[in-house]
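These numbers come from the heavy atoms of this one structure, side chains and all, not from hydrogens, waters or symmetry mates. Chain A is the first sequence line, chain B the second, and so forth, proteins listed ahead of strands; every chain is numbered from 1.
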Amino acid sequence: MNYRNFVVNALADVLEGQLEKDTINKTIEKPKSLALGDYAFPTFPLAKILKKAPQIIASEIAAKIDHKEFDKVQAVGPYINFFLNKKKYSDSILRQILVEGSAYGNQNLGDNGNVPIDMSSPNIAKPISMGHLRSTVIGNSIAKLLAKTNYHPIKINHLGDWGTQFGKLIEAYKLWGSEEEVKADPINKLLEYYVRFHKEDVEHPELDDEARAWFKRLEDGDPEAVSLWKWFRSESLKSFMKIYNKLGVKFDSFNGEAFYNDKMDEVVTLLEQKDLLQESRGAQIVDLSKYNLNPALIKKTDGATLYITRDLAAAIYRKRTYSFVQSLYVVGNEQTNHFKQLKAVLKELGEEWSDDIHHIPFGLITQGGKKLSTRAGRVILLDEVLDDAVQLAEQQIEEKNPDLKDKETVAKQVGVGAVIFHDLKNERMNNFDFNLEEVVRFEGETGPYVQYSHARAMSILRKAKAQNAGEVPEPDYQLSDEESWEVLRLLGSFSAIIKRAVEEYEPSVIAKYSLHLAKSFNKYYAHTKVLKEDAQLSARLALVESVAIVLKESLRLLGVQAPEEM
RNA sequence: GCGCUUGUAGCUCAGCAGGAUAGAGCGACCGCCUCCUAAGCGGUAGGUCAUCGGUUCGAUUCCGAUCAAGCGCACCA
C-alpha cells in the first residue's frame, strides 16, 4: 500500500490538471517533525501559475481536500500538511508485517538475475586485517540486500593466492621453516618467514634469485613447488575459515588469482586480434587516453602478466559462467583507477556489459592517522579485535545479566555484532581511524543497542505468551497514540529503505534505519505499558511483534545476529 | 601538476532526487528503576553547515572557483 499516493490523488483531484501527478509526487515531502503531519505539500510552485500568495493557495486547497484517508489536512503558512488516518494505517501495516514475517520488505528488483560479488579477498600467508573486514562485511550485507530484492548474489572470495611472493615464501620456508611450526600456527609462521626473508635479502640479494627460481618452478608445475604452494594455501584457508565462521560469512567460490593463470593467454590474444596492444617502454599496453586514463599495463617488459590482465580474465570468465546482470567489486577506494581501466579495456574490446561492472569502493582505515602497513608493523588483526569484543561482551553480561542462559553464545553474538555494526553504520566512503574502545562500544548508536531493543521486545512477547495475553479472536490493531505513531511510520517505510540501500549499495542505510526504529521503540517502551489488560492489548502486542520482526530482519541484512535475550 | 573522495556541534557522524526553527550518538552537567531487561528513557549546554560566487520564490542540499585533508597517478595487488 502506497500511502503517498493517497496524498497525490487527493491533491490531483483538487488541482484538476494544473500540475501533473508526477510533479505533485515530486513536490510532496516528509516534514521533519511528525507534528507537521506525515506528508506535506509546499505551494510555492503553484504561486506562479495561480498568481496568488502561497499561503492563500494552501488554505484554499486544504479546504477542498477529500478527508476520508486522513485524520486531518491543514494549511500551515505556505504548506498543506496531511495527517494519515492512524487507525487505518496501523491496522494495515501491522497486519501485513505479522502475515509476512521475515519476508516483509521483500521485493522484486532483480528478476533473479545473477550478481557475482568480488569481496574479502585476503592474501595467502598474510593475516586478515581490519581492511579485509570492510570488504567482507560490506559485500556480505550487499549480498543479503540483493537476495531480499530478488537478485541472485554469488559471493566470490578472490584469494591472493599467486604471485612472486610465493617464490619468496617457499625459499624462506626451505631455509628456516618446519612443518610442525606451520601446522601449529600457519598464518603467523608463514608471515614470520616472509618478513624474515625481506629482512635478510637486504644483505643477501642472492635470496631474491632463489625466490625467483622457486616461483618459476611453481609456474612450470614442479611437483615440490606445487605441493608446498597447495599446502600453504590450504593451511591459510583453514585459518581464514575460522574467522569467516566467527563473522558468519559464507562464500560461493574461492577462485582466486591462481584460478585464472590459464585464462590470461586468451585475453592477450583477444587484445591482439582487436589491435589494441601497443608496445611502450618495452611493455605491452592498451592506450586509454581517450578515456582520460593511464594506459593499462597488460604485460611487463619481461613478458609477465599483471593485475589487470588477470582481472580482465576474471571479468570475462564471470560473464560467461554466470551471465550476470551486474558484477560487483567490493574493493577499497584506492583502487578506483584500476576498475576504471578494467571497464575501459573491456569497452575497447566491444564488451558492452562492461557497463554492468560496478566498483563498490570504501574508505580507508587508519591507525593514529596513518595508513595500515604490514611492513611498518601497523596491522590490526581482525581475529584479535573479534576476540576482544567477545570478551568485553562477556564482562558486560556478567555485570548486567548474570543469570542469562547460554552466556557464551550471546557474548559472541553481541561482541561480533558490535564490530560488524560499527563497520556498517557509516557511509562506506568515510575513512575512519581505528579505535578499539569505539568499535566495541555497547551503548548509544551501536549494534548491541539494536540487539538489546530486539531482546526487550522478545521478552515482552514471551511474557505475554506465558499469561495468554492478547489472544483476542478478532484482533483490532488500531493504535492512535503519538509514541506508537513514530514506530508505525518507520515500520511502514522498511521497503523503501531496502530499495534505497540496494540501489546505492549502501548497508549504512539499513544500519541507520535500525537505530531509528530501535530508538523509537525504546521511547515507546518507556512511555507505554504494553502488558496491561485493556482493549488495545492485542494491538500493542502486534506492534511489539512487528518491531521484533523488522529489527531482526534489519540486523540479518547487516549480517548481525539478534539474540532473544541478553 | 592531474584524477578520485571528503569538509555540518569539543569528538564520531545523519540530514533520503532543494523547501517550514539544522538532527543524533559520544563526552560534560542534571534528572528517572515499589512498574514488561537502566546495554534504557528524559532534560541542559554546544553550530557564521570550510570560504567566496552562481542558479532558484527558496541552497547544508545543485553548479563553479578557492582553501584544507585522505587516496591514487605504468612494469605490486
Side-chain angles (χ1 to χ4, degrees), chain A residues 26-27 29-33 36 40 42 44-45 47-48 54 76-79 81 121 123 158 160 162-165 257 280-285 292-302 304-308 310-311 331-338 340-341 361 363-364 366 369 371 393 396-397 399-401 404 414 418 425-427 429-433 435 437-438 441-446 448-453 455-464 469 493 496-497 500 504 508-509 512-513 515-516 518-519 522-532 540 544 565-566:
Chain A
K26 276 181 186 157
T27 311
E29 61 185 73
K30 285 192 176 185
K32 286 172 193 162
S33 155
L36 293 169
F44 304 107
K48 263 189 207 163
V76 177
Y79 294 87
N81 293 336
S121 311
N123 294 317
H158 190 80
W162 201 255
T164 47
Q165 72 266 29
E257 293 170 1
S280 169
R281 301 181 213 172
Q284 296 291 312
I285 65 155
N292 202 15
L293 292 168
N294 283 327
L297 227 67
I298 303 298
K299 274 189 170 181
K300 298 202 276 190
T301 314
D302 66 4
T305 54
L306 281 132
Y307 183 33
I308 195 155
R310 203 174 295 271
D311 257 8
V331 181
N333 185 27
E334 64 274 15
Q335 290 195 38
T336 297
N337 281 328
H338 169 253
K340 282 186 182 168
Q341 290 181 320
L364 205 68
T366 53
K371 198 179 171 182
Q396 199 79 189
I397 290 168
E399 218 175 281
K400 313 257 181 188
N401 195 359
L404 182 67
V414 172
K425 152 175 95 165
N426 293 135
E427 271 178 44
M429 284 307 292
N430 292 359
N431 293 344
F432 72 85
D433 200 60
N435 175 318
E437 292 78 55
E438 190 71 33
R441 175 163 279 154
F442 299 140
E443 291 162 15
E445 293 179 325
T446 65
Y449 173 82
V450 180
Q451 290 174 319
Y452 178 71
S453 310
R456 278 177 136 187
M458 294 309 290
S459 173
I460 293 176
L461 297 174
R462 272 194 305 276
K463 291 215 159 96
S493 64
I497 292 290
R500 196 184 134 206
E504 292 177 13
S508 70
V509 169
K512 287 264 155 50
Y513 170 81
L515 285 168
H516 289 146
K519 189 167 172 53
N522 279 323
K523 191 173 174 184
Y524 177 75
Y525 182 101
H527 289 266
T528 312
K529 173 87 179 161
V530 176
L531 294 174
K532 198 171 62 182
R540 287 193 302 270
V544 173
E565 283 180 72
M566 62 185 274

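Proximity of a side-chain donor or acceptor of A/N522 to a complementary backbone N or O of A/A518 within less than 3.5 Å is detected. The backbone N or O of A/N294 lies less than 3.5 Å from a partner atom in the side chain of A/Q341, making a donor-acceptor pair. A/K340 places no side-chain N or O within donor-acceptor distance of the main-chain N or O of A/L293, the cut-off being under 3.5 Å. Looking only at distances, a side-chain donor or acceptor of A/N401 sits under 3.5 Å from a matching main-chain atom of A/M566.
At the heavy-atom level, A/K519 lies under 4.0 Å from the strands shown only through sugar-phosphate atoms. Using a 4.0 Å heavy-atom cutoff across all strands shown, A/E504 reaches no nucleic acid atom at all. Contact annotation for A/A496: no contact, since no heavy-atom pair falls under 4.0 Å across all strands. Contacts of A/K523 with the nucleic acid, taken as non-hydrogen atoms under 4.0 Å apart, involve only primed sugar atoms and P, OP1 or OP2. Looking at heavy-atom distances under 4.0 Å, A/S280 makes contact with a base. Counting any heavy atom pair closer than 4.0 Å across all strands shown, A/D433 reaches no nucleic acid atom. Contacts of A/L306 with the nucleic acid, taken as non-hydrogen atoms under 4.0 Å apart, involve only primed sugar atoms and P, OP1 or OP2. Among the heavy atoms of the strands, none lies under 4.0 Å from A/P78. Across all strands, A/E427 comes closer than 4.0 Å only to sugar-phosphate atoms, never to a base (heavy-atom distances). If you check every strand for non-hydrogen atoms under 4.0 Å, A/F442 touches a base. Among the heavy atoms of the strands lying under 4.0 Å from A/K32 are primed sugar atoms or P, OP1, OP2 only; no base atom is included. Contacts of A/E29 with the nucleic acid, taken as non-hydrogen atoms under 4.0 Å apart, include base atoms. A/A304 comes within 4.0 angstrom of nothing in the nucleic acid, heavy atoms only. Within 4.0 Å (heavy atoms only), A/E443 reaches sugar-phosphate atoms of the nucleic acid but no base atom.
Judged by distance alone, with hydrogens and angles left aside, A/R281 brings a side-chain donor or acceptor within reach of the base of B/A74, the pair sitting under 3.5 Å. Side-chain to base pairing of A/T301 with B/C75: one donor and one acceptor N or O lie within less than 3.5 Å of each other.
Taking atom C1' in both B/C33 and B/G27, the straight-line distance is 24 Å, to the nearest Å. A gap of 42 Å separates the P atoms of B/U5 and B/C29, to the nearest Å. Comparing the P positions of B/U61 and B/A65 gives an interatomic distance of 16 Å, to the nearest angstrom. Here the separation of B/G40 from B/C26, taken at their P atoms, is 7 Å to the nearest Å. If you take atom P in B/C76 and the same atom in B/A17, they sit 42 Å apart, rounded to whole Å. On the C1' atoms, B/C13 is 13 Å away from B/C49, given to the nearest whole Å. Taking atom C1' in both B/U60 and B/U6, the straight-line distance is 15 Å, to the nearest Å. For the P atom pair drawn from B/G53 and B/G70, the interatomic distance equals 28 Å after rounding to whole Å.
Counting only heavy atoms from C-beta outward, the side chains of A/V544 and A/L461 approach each other to under 4.5 Å. Residues A/D311 and A/H338 meet the side-chain proximity criterion, which asks for heavy atoms closer than 4.5 Å. Taking the side chain as every heavy atom from C-beta outward, A/R310 and A/W162 approach each other to under 4.5 Å.
Between the C1' atom of B/C41 and the CZ atom of A/R456 lies a distance of 8 Å, rounded to the nearest Å. Here the C1' atom of nucleotide B/C75 and the CD atom of A/Q284 are 12 Å apart, to the nearest Å. A straight line from CG of A/N431 to P of B/C4 spans 17 Å, rounded to a whole angstrom. Rounded to an integer number of Å, the gap from NZ of A/K400 to C1' of B/A38 is 7 Å.
Remark: B/A65 base-pairs with B/U51. Criterion, Watson-Crick or G-U wobble with two distances under 3.5 Å. In this entry B/U44 has B/A28 as its Watson-Crick or G-U wobble partner, both defining distances falling under 3.5 Å. Pair assignment for B/G3 gives B/C71, based on Watson-Crick or G-U wobble hydrogen-bonding distances that are each under 3.5 Å.
Base orientation of B/A22: anti, the glycosidic angle falling outside 90° of 0. Glycosidic torsion of B/C33 falls within 90° of 0, placing the base in syn.
With the nearest nucleotide of RNA chain B identified for both A/L364 and A/F432, A/F432 has the one nearer the 5' end. Between A/I397 and A/T336, the one whose closest nucleotide on RNA chain B sits nearer the 5' end is A/T336.
Within a 6.0 Å radius of CG in A/D302, more than 12 heavy atoms belonging to other residues, nucleotides or ligands are found.
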